[in-house]
Amino acid sequence: MTRALPDELLKLPHRTDVPFSKLTTLGVGGNCRWLFEPTTEEEAQIFVRACVREDLPYRVLGGGSNLVILGDIEIPVLRLRFPAELQREGLKLKAPASFGHIRMAQGAASEGLGGMEYASGIPGTTGGALRMNAGAYGTELVDILDTFRFLNLDGEIVEKRPDPGEFKYRWSFLTAGYVGLSFTVKLAEGHRETIAAKVAENMGKRGSSQPLSKRNAGCIFKNPPGQSAGRLIDQCGLKGFRVGDAEVSPEHANFLINHGHATALEFAELMNTVRAKVSDVFGIELEPEVEIWP
Ligand code: EPU
């Protein structure tokens, strides 16, 4: 981008030219020209307001665990770096959006609060979980969500309870431009040992069916209604299919893994091949579950 950024933005904590391989779990992608890392809600608000005023598009990055980056990003990228602390009030637990999602599930367990065990294997930040309405084993975030706080498209801070239609399967209305700031979940009193056992069981289940030791971005495609994307890709015989260092995981076909040196182009080609094959064989158009930039 040739355009100069306003001083107001440049005064915020930021870095330049950070490779996306260091910002995403998949480890592919190009260069992040501008990475803004506010440490307070006020700084995040200054960022959004300045971008809105200058008509400057921007993107919001969380833990980078559900993201496939296929090139350089020249527009400002926002990544929150709020102080990492959980707040408990009775049966409610609140986390800032930059808090680790798995850490939050573990925090709930160690407080003896039940209801968040499903989340114990879902990587990324709580902000990413809110944005995607993350879920596993039949439970999703909106089921336990009490209130959430975000910056709207005008850079105003809003705090509210979820309304019907605002959260669906792997989707929330907090799409491009919105910035999740924090949320509070409502949990139930439980036995520490029982909750910890469920957390361990969920992590174990995931570890045994998903290639967690390889660089990955979680499930790449959404499950079509009543179907499993992983099973469809598997039935096309694509497990182990490889483009360069990018491969359809032999363990779980809806995971594409990076063997170390995969490029963005290789990933794009692999994703296209998988979609085309599933479309040919089953007549089903798979939709990405991951975000794809640019
Ligand atoms: N299957 C195959 N071959 C494969 C993969 C799966 O035949 O290569 C079959 C399994 O045997 C099973 C069925 O497909 O009968 C479903 O598989 P699994 O239980 O692994 O669940 P999934 O539908 O593939 C979903 C979520 C996961 C989440 C698990 C556990 C989506 C797209 N995926 O996977 O979420 O961890 O359930 O709850 O909704 C993610 O969001 O990134 C993610 C990985």
Side-chain angles (χ1 to χ4, degrees), residues 24-28 61-69 100-102 104-106 115-145 167-172 174-175 180 197-242 246-258 267 270-271 273-275 277-279 281-282 284-293:
T24 59
T25 56
L26 188 58
V28 294
L61 179 70
S65 58
N66 198 47
L67 194 56
V68 178
I69 307 228
H101 190 228
I102 292 176
M104 185 181 189
Q106 289 168 339
M116 213 180 163
E117 298 86 336
Y118 76 93
S120 51
I122 303 177
T125 59
T126 52
L130 181 68
R131 156 89 175 75
M132 289 300 292
N133 186 23
Y137 312 117
T139 304
E140 48 189 27
L141 179 61
V142 69
D143 300 332
I144 55 170
L145 192 58
F167 293 86
K168 297 179 192 162
Y169 167 65
R170 297 294 195 276
W171 180 91
S172 82
L174 298 166
T175 48
K198 192 76 198 161
V199 164
E201 184 194 324
N202 284 346
M203 296 195 73
K205 255 200 264 178
R206 248 182 114 98
S208 64
S209 64
Q210 302 179 358
L212 303 185
S213 62
K214 296 275 171 12
R215 298 199 79 161
N216 71 79
C219 284
I220 295 287
F221 298 102
K222 291 185 183 177
N223 283 341
Q227 301 268 8
S228 155
R231 187 188 292 127
L232 295 172
I233 301 166
D234 190 355
Q235 285 173 349
C236 288
L238 285 168
K239 272 188 173 172
F241 181 82
R242 207 162 160 152
E247 185 189 34
V248 176
S249 163
E251 286 173 67
H252 193 300
N254 199 13
F255 277 67
L256 304 187
I257 54 182
N258 175 2
F267 259 93
L270 188 60
M271 286 177 72
T273 306
V274 168
R275 289 188 78 183
K277 185 84 185 179
V278 170
S279 171
V281 175
F282 295 104
I284 293 174
E285 303 301 323
L286 290 180
E287 268 182 55
E289 194 260 357
V290 289
E291 268 202 34
I292 299 172
W293 293 6

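Computed from a predicted model, the values in this text were never measured in an experiment. Whatever order the structure lists them in is the order used to number ligands and atoms, beginning at 1.
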### Task
State, yes or no, whether a side-chain contact exists between Trp293 and Leu61 at a heavy-atom distance under 4.5 Å.
yes
### Task
Flag the pair Ile69 / Phe267 as yes when at least one side-chain heavy-atom distance between them is below 4.5 Å, and no otherwise.
no
For ligand 1, run through the N/O pairs with the protein that fall under 3.5 Å and put one pair on each line.
unit_1   : atom_1 : unit_2 : atom_2 : d
ligand 1 : 3 (N)  : Asp234 : OD2    : 2.7
ligand 1 : 8 (O)  : Lys239 : NZ     : 3.3
ligand 1 : 8 (O)  : Ala253 : N      : 2.8
ligand 1 : 14 (O) : Ser228 : OG     : 3.1
ligand 1 : 15 (O) : Arg231 : NH2    : 2.9
ligand 1 : 20 (O) : His252 : NE2    : 2.9
ligand 1 : 23 (O) : Asn223 : ND2    : 2.8
ligand 1 : 24 (O) : His252 : NE2    : 3.0
ligand 1 : 35 (O) : Arg170 : NH2    : 3.2
ligand 1 : 36 (O) : Arg206 : NH1    : 2.9
ligand 1 : 36 (O) : Gln210 : NE2    : 3.1
ligand 1 : 38 (O) : Tyr137 : N      : 2.9
ligand 1 : 39 (O) : Tyr169 : OH     : 2.7
ligand 1 : 39 (O) : Arg170 : NH2    : 3.2
ligand 1 : 41 (O) : Arg170 : NE     : 3.3
ligand 1 : 41 (O) : Arg170 : NH2    : 3.2
ligand 1 : 41 (O) : Glu289 : OE2    : 3.2
ligand 1 : 42 (O) : Cys219 : N      : 2.7

#### Entry: Distance-only side-chain donor-acceptor flag, Glu140 / Asn133, under 3.5 Å
yes
### Rounded distance [0.5 Å steps], CD in Glu289 versus CZ in Arg170
5.5 Å
### Residues Arg131, Glu291; criterion salt bridge (charged side-chain N to carboxylate O under 4.0 Å, His left out); working and verdict
CA-CA 11 Å; Arg131 156 89 175 75; Glu291 268 202 34; 2.5 Å; yes
Listed pairs under 3.5 Å, donor-acceptor, residues 224-237 side chains, sequence neighbours left out:
unit_1 : atom_1 : unit_2 : atom_2 : d
Ser228 : OG     : Gly230 : N      : 3.4
Ser228 : OG     : Arg231 : N      : 3.1
Asp234 : OD2    : Lys239 : NZ     : 3.3

